[in-house]
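Working notes, structure below.
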There are 2 protein chains.
Amino acid sequence: MPDSPPSLDPVQLGAYFALVEVTSLLRHAVEQQLKEAGDLSYVQFQLLARLGDSPTGSHRMTDLADGVVYSRSGLTYQASLLEKAGLVVRAPSPDDERSTTVTITDAGRALLARVLPGHVEVVSGLLFEPLSRDDVRTLAALLAPVRDHMRSTPPRSAAPRRRKGGA
Amino acid sequence: MPDSPPSLDPVQLGAYFALVEVTSLLRHAVEQQLKEAGDLSYVQFQLLARLGDSPTGSHRMTDLADGVVYSRSGLTYQASLLEKAGLVVRAPSPDDERSTTVTITDAGRALLARVLPGHVEVVSGLLFEPLSRDDVRTLAALLAPVRDHMRSTPPRSAAPRRRKGGA
DNA sequence: TATTGTTATACTCTATAACTATA
DNA sequence: TATAGTTATAGAGTATAACAATA
């Protein structure tokens, strides 16, 4: 097939660059706050937040890896750090002996509670300050379909094309 | 102590989570493409792109550091990698002997050209596919003020109070 | 045989501090 | 004294591959 457009139009470029810069600055500020307030990396915070959100306070390792981190070993590393810090506990799943269930502890919830207000403050002050309620609604409405589309689009070539002959 | 707003409202939460997820997935896809197409990290790509955009093909180290990376030593590290690969050249500035001017080479431009189409393809296919032209316009219009606001908001406690006259 | 998770390992990246040289 | 950049170093994070155990 013919080449895709070799470039983005100016409007797209503007949106793309703004998105990159905004999220980069936001991420940086958030990471600093998390580090200061609770000595947590962003990934660790995401893991705790996911566990805290869950009705049971638990998730399977694989589910966490799919949602937050991109490799299993990476999650094992982070989970063992969190466990060492007493913020989570790991136990074999009751229903499937292969699985490991990660559960947030009281200490984990406490840390989450201690860190969250500052987190919210940063996000409010940096991201939402210049946006009206309607703006925020619009933004959410724009991003939702993008997220759904990304979720449903298999990361081309992400799936291990382990075929030896392949390009 | 009086708590700050303990939480974001549901609309804000939705926008925030969508933003985080969208940019996370996008970043991941882009990084993979850059790695495959040109063995470039995202930071390295950003540096080359900035240099390629410049009319002179050059920037001072400090200007690059301010725009892309957050520490000078980090930039020195990346610049030396790029120089080793023949993609940029470093030379003392003519006007200020303290400064170093980084300039993209022909090889650097060639690599950029080889990598860009795939980059555009990923961004188009992932980010812009589900958005109409008006959507993109709206998105850009929403993010621009946020970016400006973030730029003008000193990262609380980030800057080691290097402010000259100020506080 | 496929899936879940861990381990060992190697590598990339980043930041801090000490240092040099120029303004 | 302040600024620009480099170096040394140390630490965090990530991914790949080999492995063990269960389905």
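Owing to the predicted nature of the structure, the values given are computational and were not obtained by experimental measurement. Below, chain A is the first sequence line, B the second, and so on; all start at residue 1.
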Problem set entry | Distance in angstrom units between B:Arg60 CZ and C:dT22 P, rounded | 16 Å
Seminar exercise, completed: When rounded to whole Å, the CD to P distance for the pair B:Glu31 and D:dA15 reads 9 Å
Exercise. Rounded to the nearest 0.5 Å, how far does CG of B:Leu111 lie from CZ of B:Phe45?
Worked result: 9.5 Å
Problem set entry | A:Leu51 and its side chain to side chain contact (heavy atoms under 4.5 Å, CB included) partner, picked from A:Leu112, A:Leu82, A:Val102 | A:Val102
Exercise. Of all residues at least two apart in sequence or in a different chain, which pass the side-chain contact (heavy atoms from CB on, under 4.5 Å) check with B:Asp148?
Worked result: B:Arg151
Exercise. Which ILVMFWY residues can you reach from A:Leu81 by hopping between side chains whose heavy atoms are under 4.5 Å apart?
Worked result: A:Tyr77
Exercise. Going by an N to O cut-off under 4.0 Å, is there a salt bridge joining B:Asp96 and B:Arg60?
Worked result: no
Restricting both atoms to N or O, compile the protein contacts to nucleotides 8-10 of chain D shorter than 3.5 Å, with distance only.
none

Exercise. So which one's nearest nucleotide on DNA chain D is more toward 5', A:Lys35 or B:Asp63?
Worked result: B:Asp63
Problem set entry | Distance (rounded to the nearest 0.5 Å) between A:Arg147 CZ and B:Leu26 CG | 15.0 Å
Exercise. With respect to the phosphate group of C:dT12, does any side-chain polar atom (N or O) of B:Ser41 fall under 4.0 Å of OP1 or OP2?
Worked result: no
Problem set entry | A:Phe17 with B:Val146, same ILVMFWY side-chain cluster at under 4.5 Å | yes
Exercise. Quick one: A:Arg27 CZ to C:dT14 P, roughly how many Å, whole number?
Worked result: 13 Å
For this session: For B:Asp106, look at atom CG and say whether over 12 heavy atoms of other residues, nucleotides or ligands are found less than 6.0 Å away.
Result: no
Exercise. C:dT12 P sits how many Å from B:Leu34 CG, rounded?
Worked result: 17 Å
For this session: Examine D:dA4: is either OP1 or OP2 under 4.0 Å from a nitrogen or oxygen in the side chain of B:Arg72? Give yes or no.
Result: yes
Problem set entry | From A:Leu13 atom CG to A:Ser7 atom OG, the distance as rounded to the nearest 0.5 Å | 5.5 Å
Exercise. Of all residues at least two apart in sequence or in a different chain, which pass the side-chain contact (heavy atoms from CB on, under 4.5 Å) check with A:Val43?
Worked result: A:Ser41, A:Leu47, A:Val68, A:Val69, A:Gln78
Exercise. Could you give the CG-to-C1' distance, from A:Leu64 to C:dT6, as a whole number of Å?
Worked result: 16 Å
Exercise. Is there a residue in residues 95-105 of chain B whose heavy atoms reach under 4.0 Å of DNA chain C, and which residues are they?
Worked result: B:Asp96, B:Glu97, B:Arg98
Problem set entry | Pair B:Lys35 + B:Glu31: basic N to acidic O under 4.0 Å | no
Seminar exercise, completed: Residues in residues 74-84 of chain B with a heavy atom under 4.0 Å of DNA chain C, by number, are B:Tyr77, B:Gln78, B:Leu81
For this session: To the nearest Å, give me how far apart CG (A:Leu47) and C1' (D:dG13) are.
Result: 13 Å
